[in-house]
Amino acid sequence: MSHYARPLNRQDYKTLSLAALGGALEFYDFIIFVFFAAVVGERFFPADIPDWLRQLQTFGIFAAGYLARPLGGIVMAHFGDLVGRKKMFTLSILLMAVPTLAIGLLPTYESMGIVAPLLLLLMRLLQGAAIGGEVPGAWVFVAEHVPARRIGIACGTLTAGLTIGILLGSVVATLVNTSLTAQAVHEWGWRIPFLLGGAFGLVAMYLRRWLQETPIFLEMQQRKALAQELPVKAVVVHHRKAVVISMLLTWLLSAGIVVVILMSPVWLQKQYGFAPAVTLQANSVATIMLCFGCLIAGVAADRFGASRTFIIGSLLLAASSWAFYHLSGSHPEQLFLLYGVVGLCVGVVGAVPYVMVRAFPAEVRFTGISFSYNVSYAIFGGLTPVAVALLMGVSPMAPAWYVLALSLMGLGIGFWLRREPAEERGAALVNPAQP
């Protein structure tokens, strides 16, 4: 049986499990800062500054992690295309675990003065560089390991793993805040999630020792087919169409996660007066359903192709998000159902990496995905909350309009992929040399 058609074997499942576990823990490390931003702000900035300034500085440090993503991702991808996927895959988790552990041990402003927030900023920049290399690296790693007909489910599983990291952050934050007093959280409790994340990350790095280099990279080494020029230069000069499509798909992915999953709980509280505890529970349901949605999108991409997956998935996302934002207030008893359904439909983003890994040739694949994904995420991931907040001045339903617009873009990409010959040739693009 050819590599293209064979089923997943034990080694494939091991690779997928370790990659998804590592991805979940890295995303937890990156996102946990959000849940404790208020306490971190109090501990790392002077007590006598206005509250708005402290909040601005704290979220500025959080945003610095996003800005570091493109640089870290492109540098790590450069070496991933030249010296091997596995080395960079292991390095990215070390680069995330150590700063996360360090944040949990950092001295506060009270004991170190201005040095404390500067050290926090440095750790956050290192975290951003790590996540910039991890996500594209993980997609490339699993896509190059599994049979070509299973790339969709492999990438979908990995994206679901990253989503579990967000859920894990929410669960740990809830446990810390409910089991400790507010004073204990302020004094030392906030350190626990960072210390846990750092420790888990080091364990995941140790487990990644058992992963093997991808067969495709080894074959390129044997054929002396590694990129001869700077991988990032080759990507920008020769693969512009692939870069544009990958950046637009990343915009869809970031908008789905940021608006529907991260921003909606607060919107529900302000717009419809839901209690914070209720919106967080509903949000957990939506996040769990998003994991299932990513898996379904991955299977659909393998079975029916990316074009049909994005056409149908985008239409479902448009309908479910419109219903969620407009009906949650008038039918509060349906909140969990409405949020769960829209979470499931956001799962169409699970098919995004399927398109991206097929869009670039193996020689520059890591760099191509990393450049497109990280630059797009830095721009759109960072600007989406600002854009939605500004649009709220025009209409309180701004999130609904924003997600609808992005769904229509996803629909357009689905139709565009339909006329792409690459879509018809199956996943041979991933490794043209495979039988």
Side-chain angles (χ1 to χ4, degrees), residues 23 26-27 30-31 62-78 80-81 92 127-140 143 155 158-159 162-163 166 231-263 294 297 306 310 313-314 317 346 348-360 364-388 402-403 405-414 416-417 420:
E26 278 215 48
F27 236 69
F30 189 69
I31 211 86
F62 174 71
Y66 278 89
L67 296 175
R69 283 172 79 148
L71 184 62
I74 290 164
V75 169
M76 289 172 78
H78 171 82
D81 277 332
S92 73
Q127 280 190 323
I131 204 87
E134 165 69 20
V135 179
W139 284 335
V140 171
C155 290
L158 202 75
T159 311
L162 301 177
T163 307
I166 300 174
V232 73
K233 182 188 169 192
V235 165
V236 174
V237 174
H238 305 300
H239 303 285
R240 286 183 201 147
K241 197 197 290 185
V243 167
V244 170
I245 282 293
S246 299
M247 289 183 79
L248 290 175
L249 285 172
T250 301
W251 187 9
L252 177 67
L253 183 147
S254 65
I257 304 291
V258 171
V259 179
V260 179
I261 304 297
L262 300 181
M263 292 179 72
C294 288
F310 276 106
S314 299
L317 177 58
V346 170
V348 69
V349 303
V352 166
Y354 172 86
V355 176
M356 289 164 77
V357 297
R358 292 155 42 93
F360 298 96
V364 293
R365 179 170 297 132
F366 197 164
T367 299
I369 295 175
S370 189
F371 176 81
S372 312
Y373 172 83
N374 284 306
V375 171
S376 183
Y377 214 110
I379 297 167
F380 299 120
L383 291 181
T384 289
V386 179
V388 172
Y402 192 85
V403 177
L406 269 291
S407 301
L408 293 175
M409 185 185 77
L411 184 67
I413 291 171
W416 186 85
L417 288 171
E420 271 297 279

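Applying the side-chain contact (heavy atoms from CB on, under 4.5 Å) criterion to Pro136, with sequence neighbours excluded, gives Phe366, Ile369, Ser370, Tyr373, Asn374. For Ala351, the side-chain contact (heavy atoms from CB on, under 4.5 Å) partners at least two apart in sequence or on another chain are Ala297, Ala301, Thr309, Phe310. Listed by chain and residue number, Leu71, Phe79 satisfy the side-chain contact (heavy atoms from CB on, under 4.5 Å) test with Val75 (two or more places apart in sequence, or in another chain). Taking the side-chain hydrogen bond (donor to acceptor under 3.5 Å, both in side chains) definition, one finds that Thr159 meets it with Trp139, sequence neighbours left out. Among residues two or more places apart in sequence or in another chain, the side-chain contact (heavy atoms from CB on, under 4.5 Å) test is passed with Ala138 by Phe89, Glu134, Leu158.
In plain terms, the two heavy atoms of Met356 and Phe360 that are nearest each other are O-CD1, 3.4 Å. For Val348 against Ser314, the heavy-atom pair with the smallest separation is CG2-N, 4.4 Å. Closest approach of Cys294 and Val349 over heavy atoms only: SG-CG2, 4.5 Å. Nearest heavy-atom pair across Cys155 and Ala143 is SG-CB, 4.4 Å. When all heavy atoms of Arg365 and Val357 are compared, the pair lying nearest together is NE-O, 2.9 Å. The two residues Leu252 and Gly410 make their nearest non-hydrogen contact at CD2-CA, 4.2 Å.
Of the residues listed (Val243, Val244, Leu248), the one engaging Ser372 in a side chain to side chain contact (heavy atoms under 4.5 Å, CB included) is Val243, and it is the only one.
Not one N or O on the side chain of Arg69 forms a donor-acceptor pair closer than 3.5 Å with the backbone of Gly128.
Tyr377 is listed as a side-chain neighbour of Leu253, based on a closest heavy-atom distance under 4.5 Å.
Summarising the geometry, atom CD1 belonging to Ile261 is positioned 7.5 Å from atom CD1 belonging to Ile166; distances are rounded to the nearest 0.5 Å. Rounding to the nearest 0.5 Å places CD1 of Ile131 at 8.5 Å from CD of Gln127.
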After noting the C-alpha distance and the side-chain angles of Val135 and Phe27, does the key distance pass the side-chain contact (heavy atoms from CB on, under 4.5 Å) rule? CA-CA 9 Å; Val135 179; Phe27 236 69; 4.0 Å; yes
Would you tabulate the side-chain donor-acceptor contacts of residues 379-388 under 3.5 Å, counting partners in other chains and residues two or more places apart, or write 'none'?
{"from": "Thr384", "atom 1": "OG1", "to": "Phe380", "atom 2": "O", "distance (Å)": "2.6"}
{"from": "Thr384", "atom 1": "OG1", "to": "Tyr402", "atom 2": "OH", "distance (Å)": "3.0"}

